[in-house]
There are 2 protein chains.
Amino acid sequence: MPSVTLKMIAKELSLSVATVSKALANSYEISDATKNIVLEAARKMGYIANPYASSLRKRRSKTVAVVIPEIADSFFAKVINGIEEVALFYGYHVLIYMTHESLSREQAIMQDFRSGRVDGILMSVSEQTDTVDHIKAVMDSNTPVVFFDRVREELPTTCIVTNDFESAFAATSHLISKNCRKIAFVGNSPALAINRNRESGYKAALKEHQITYENVLICGNDPENDYTILASLFRSDYRPDGIILSVEKLIQLLYQVCHDLNVNIPGQLKVLTFTNFAMAGFLNPPLSTINQPAYEIGKVAAQTLFKKLARTNHISEAESIVLPSEIIFRESSN
Amino acid sequence: MPSVTLKMIAKELSLSVATVSKALANSYEISDATKNIVLEAARKMGYIANPYASSLRKRRSKTVAVVIPEIADSFFAKVINGIEEVALFYGYHVLIYMTHESLSREQAIMQDFRSGRVDGILMSVSEQTDTVDHIKAVMDSNTPVVFFDRVREELPTTCIVTNDFESAFAATSHLISKNCRKIAFVGNSPALAINRNRESGYKAALKEHQITYENVLICGNDPENDYTILASLFRSDYRPDGIILSVEKLIQLLYQVCHDLNVNIPGQLKVLTFTNFAMAGFLNPPLSTINQPAYEIGKVAAQTLFKKLARTNHISEAESIVLPSEIIFRESSN
DNA sequence: TTTATTTACGAAACCGTTTTCGATAGATAA
DNA sequence: TTATCTATCGAAAACGGTTTCGTAAATAAA
């Protein structure tokens with residue numbers, strides 16, 4: 001039960017603690033013969049290093065944090081899969097934190113990271129995040145941050161994003177080509193670059209086709225309220241014939257609304273959605289999707305972070321890595 | 001940049017490190033006047049305790065681990081949501097580990113936990129897990145484990161499960177009542193109690209109705225292979241007219257198979273699935289589901305673990321907490 | 001042979017807390 | 001007046017590793 005320590009191995013072998021430590025670290029200072037003896041003893045005694053003692057002295061925890069709005073979303077779940085894959089490879093541990101779209105929670109989480117709990121941070125900011133002071137403070141304390149998906153480009157670090165502008169542009173153009181002339185766009189927070197980019201792509205496509213109907217809705221985090229917002233779309237004279245959803249969560253609500261109000265998809269409304277949703281092709285009707293490469297985003301984000309951690313010089317610059325999304329046209333937009 | 005330590009506060013205030021530490025811990029040994037002074041200085045200097053020093057000395061990390069097969073599954077994603085909610089409340093941090101259904105990965109992860117990295121563990125075992133030595137070893141080193149969903153009942157600890165037998169029984173009975181006489185059951189690993197319980201429920205219902213057709217398939221983790229297994233069902237004389245899926249991942253494959261082979265749901269095949277899938281009602285056809293209370297399972301599992309952690313005496317006993325699932329009948333089984 | 005260098009190891013400081021054990025001064029009790 | 005508490009604080013020993021630095025022996029260079 002009493003876990004075995006370096007000191008116990010040292011005593012067992014009549015060596016010093018320092019020697020045992022170095023032997024286990026495969027230091028050049030120790031002879032191969034001694035290393036073998038130590039390794040064997042450690043194995044036999046079932047030695048496992050205390051990570052907290054090690055982290056305290058080395059000032060590195062071999063731990064990274066993932067800060068996301070929430071996890072009940074296939075996108076973030078897949079991102080975490082990618083992150084975990086890479087972290088495992090590099091021997092890092094992964095702490096998970098959720099902001100639940102709350103800035104104050106995000107700030108509290110970031111505050112904690114100034115303790116050096118994690119070596120680096122992978123994050124996707126909350127909807128509410130309209131300041132970056134709390135993030136900058138962590139970066140200033142020498143903990144690198146890599147953003148993905150919901151990024152803040154004003155900070156000098158790497159952002160892993162997808163081609164949101166182009167995707168929204170292509171999606172909107174596609175709806176136009178399908179004879180939609182009143183296309184609505186539904187996003188969540190205008191504070192997020194990701195939403196602004198998609199909105200810009202949407203507007204650019206409208207402009208190119210000289211379409212004046214423009215309808216940008218902002219949904220929040222409250223399903224009931226969002227339902228009302230979506231439903232109101234179809235009760236007004238301003239009723240659209242096409243819609244682009246920027247948020248995965250809204251799919252269900254939109255399908256519900258259309259079901260409840262007898263809006264036929266794609267007959268009366270054509271739908272295209274940013275999502276990462278394996279079953280989209282089996283919905284009724286099959287949903288056209290803009291598939292973000294979630295798993296890849298997670299992998300690249302983690303790899304980028306570990307690259308930063310490996311480097312000693314910390315001249316981090318603002319930079320974007322763009323992984324293209326893939327649009328899959330299905331019946332909902334046909 | 002150099003993070004502020006207790007020593008710095010002590011020097012600043014001409015107090016001892018011990019006094020500062022105790023003041024911040026709100027110890028009765030320190031006068032209110034001194035506490036206020038210390039608190040104020042700590043706040044002003046931006047003190048954040050080093051968690052590794054603290055964990056090393058206190059032998060408690062305020063960290064728990066979640067060990068799951070994978071996360072790209074709405075069930076586990078929701079469970080984590082529940083866990084995180086409770087962990088936040090108790091001031092705990094959450095480490096995530098995925099086994100990817102591999103026993104050796106699971107063993108490696110458990111091995112690491114013998115270092116005392118985490119105070120407790122929440123886990124759902126892998127498909128391959130046919131031994132519990134690696135788990136027992138961690139429990140013996142005084143790190144409590146709470147199982148959920150995929151449990152191992154032979155260990156003296158708490159298991160959070162849902163009423164799998166009853167759900168499978170009810171689901172099978174329902175298909176029988178809809179005139180299915182050749183009902184297949186698809187699970188993953190027969191090593192898992194959860195699967196055995198569901199299979200037993202399925203068989204019990206068949207028996208009760210004196211139906212002799214019995215068809216238990218085992219799907220694995222390879223989509224292509226699983227597709228073949230499912231497809232072969234409909235090419236044989238043994239072709240079923242009803243099917244119960246024990247695994248969420250298989251939904252997409254089954255719908256694909258039925259689409260490819262022109263098997264009409266529910267006309268030629270009625271389907272009921274264990275899943276936790278918000279969009280099930282909007283699939284084509286709407287899918288009847290046995291909804292596990294994923295979020296609740298996560299919450300209860302975490303609460304149970306924290307209760308164990310709070311207690312000093314460690315007389316853990318085998319015990320099951322059953323949270324009932326809810327069956328929602330939709331068109332796929334009608 | 002002498003000197004310089006390399007090899008292999010150990011003593012001790014250190015990482016930043018927490019905790020034990022005194023110590024002191026003032027208050028209270030005997 | 002003396003003994004006993006009580007309240008408040010500090011010195012120092014943990015916690016279990018890592019790292020610096022010193023040293024003795026072995027080897028190489030002169």
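All heavy atoms count here, side chains included; hydrogens, waters and symmetry mates do not. Residue numbers start from 1 in every chain, and the chains themselves are labelled A, B, ... in the order their sequence lines are given, proteins ahead of strands.
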Considering only D/dG17, D/dC9, C/dG16, which nucleotide approaches the side chain of B/Arg57 most closely?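 Ranking D/dG17, D/dC9, C/dG16 by closest atom to the B/Arg57 side chain puts C/dG16 first.
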Quick one, A/Arg150 with A/Glu101, criterion salt bridge (Lys or Arg N to Asp or Glu O under 4.0 Å). Give me CA distance, side-chain angles, the key distance, then yes/no. CA-CA 12 Å; A/Arg150 298 200 192 166; A/Glu101 307 289 10; 2.9 Å; yes
Could you give the CZ-to-P distance, from B/Arg60 to D/dC15, as a whole number of Å? 18 Å
Between C/dT18, C/dA13, D/dG10, spot the one nearest the side chain of B/Ser21, thanks.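 Out of C/dT18, C/dA13, D/dG10, the nucleotide with an atom closest to B/Ser21's side chain is C/dT18.
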Less than 4.0 angstrom between a side-chain N/O of A/Ser54 and OP1 or OP2 of D/dT18, yes or no?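 For A/Ser54, the contact criterion (side-chain N or O under 4.0 Å from OP1 or OP2 of D/dT18) is met.
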For C/dC15, does either OP1 or OP2 sit under 4.0 Å from a side-chain N or O belonging to A/Ser55?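 No.
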Whole-Å gap separating P (D/dC9) and CD1 (B/Ile9): 16 Å
In terms of side-chain heavy atoms of B/Thr34, which of C/dG10, D/dC9, D/dT18 is nearest? D/dC9
Nearest-neighbour nucleotide for the A/Leu56 side chain, D/dG16, C/dT18, D/dC9 considered: D/dG16
Give a yes/no on whether any side-chain N or O of A/Tyr52 is located under 4.0 angstrom from OP1 or OP2 of C/dT18.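 Negative; the distance criterion is not met.
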Quick check: does any side chain N or O of A/Thr63 sit under 3.5 Å from a backbone N or O of A/Ser61, one acting as donor and the other as acceptor?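 Yes; judged by distance alone, with no hydrogens or angles, the pair exists.
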Under the side-chain contact (heavy atoms from CB on, under 4.5 Å) criterion, do A/Leu24 and A/Asn26 qualify, and how do the steps go? CA-CA 5 Å; A/Leu24 291 173; A/Asn26 200 22; over 6 Å; no
Closest-nucleotide mapping onto DNA chain C: is A/Ala18 or A/Tyr28 further toward the 5' terminus? I mean the 5' end.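 Looking at DNA chain C, the more 5' nearest nucleotide goes with A/Tyr28.
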Calculate, to the nearest 0.5 Å, the distance between atoms OG and CZ belonging to B/Ser124 and B/Phe75 respectively. 6.5 Å
Gap between atoms CG and P, on B/Leu6 and D/dG10 respectively (whole Å):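 It works out to 13 Å between those atoms.
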Find the distance B/Lys62:NZ to C/dT18:P and express it as a whole number of Å.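 Checked: the NZ to P distance equals 13 Å.
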Using whole Å, what does the distance between atom C1' of nucleotide C/dT17 and atom CE of B/Met8 come to? 15 Å
Tell me: CD of A/Glu29 to C1' of C/dA8, nearest whole Å? 8 Å
Does B/Asn50 or B/Thr19 map to a spot on DNA chain C nearer the 5' end, using the closest nucleotide for each?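 Its nucleotide being nearer the 5' end, the pick is B/Asn50.
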To the nearest angstrom, how far is A/Ile37 atom CD1 from C/dA8 atom P?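 My rounded result for the distance is 13 Å.
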Looking at A/Arg117 and A/Asp112, does any basic side-chain N land under 4.0 Å from a carboxylate oxygen?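 Answer for the salt bridge query: yes.
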Regarding B/Thr5, tell me which of base, sugar-phosphate or nothing describes its non-hydrogen contacts under 4.0 Å with the strands shown.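 It contacts sugar-phosphate atoms only.
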Is there a donor-acceptor contact under 3.5 Å linking the side chains of A/Thr129 and A/Glu106? yes
Output the rounded distance in Å from NZ (B/Lys7) to C1' (C/dC14).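 In whole Å, C/dC14 C1' lies 9 Å from B/Lys7 NZ.
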Is there a donor and acceptor pair, one atom on the side chain of A/Lys35 and one on the base of C/dT7, closer than 3.5 Å?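 Answer no: no donor N or O sits under 3.5 Å from an acceptor.
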Looking at A/Lys22 and D/dG17, is any side-chain donor or acceptor paired with a base atom of the opposite kind under 3.5 Å? no
Toward the 5' end of DNA chain D, which comes first, B/Lys58 or B/Ser14, by nearest nucleotide?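 Final value for this comparison: B/Ser14.
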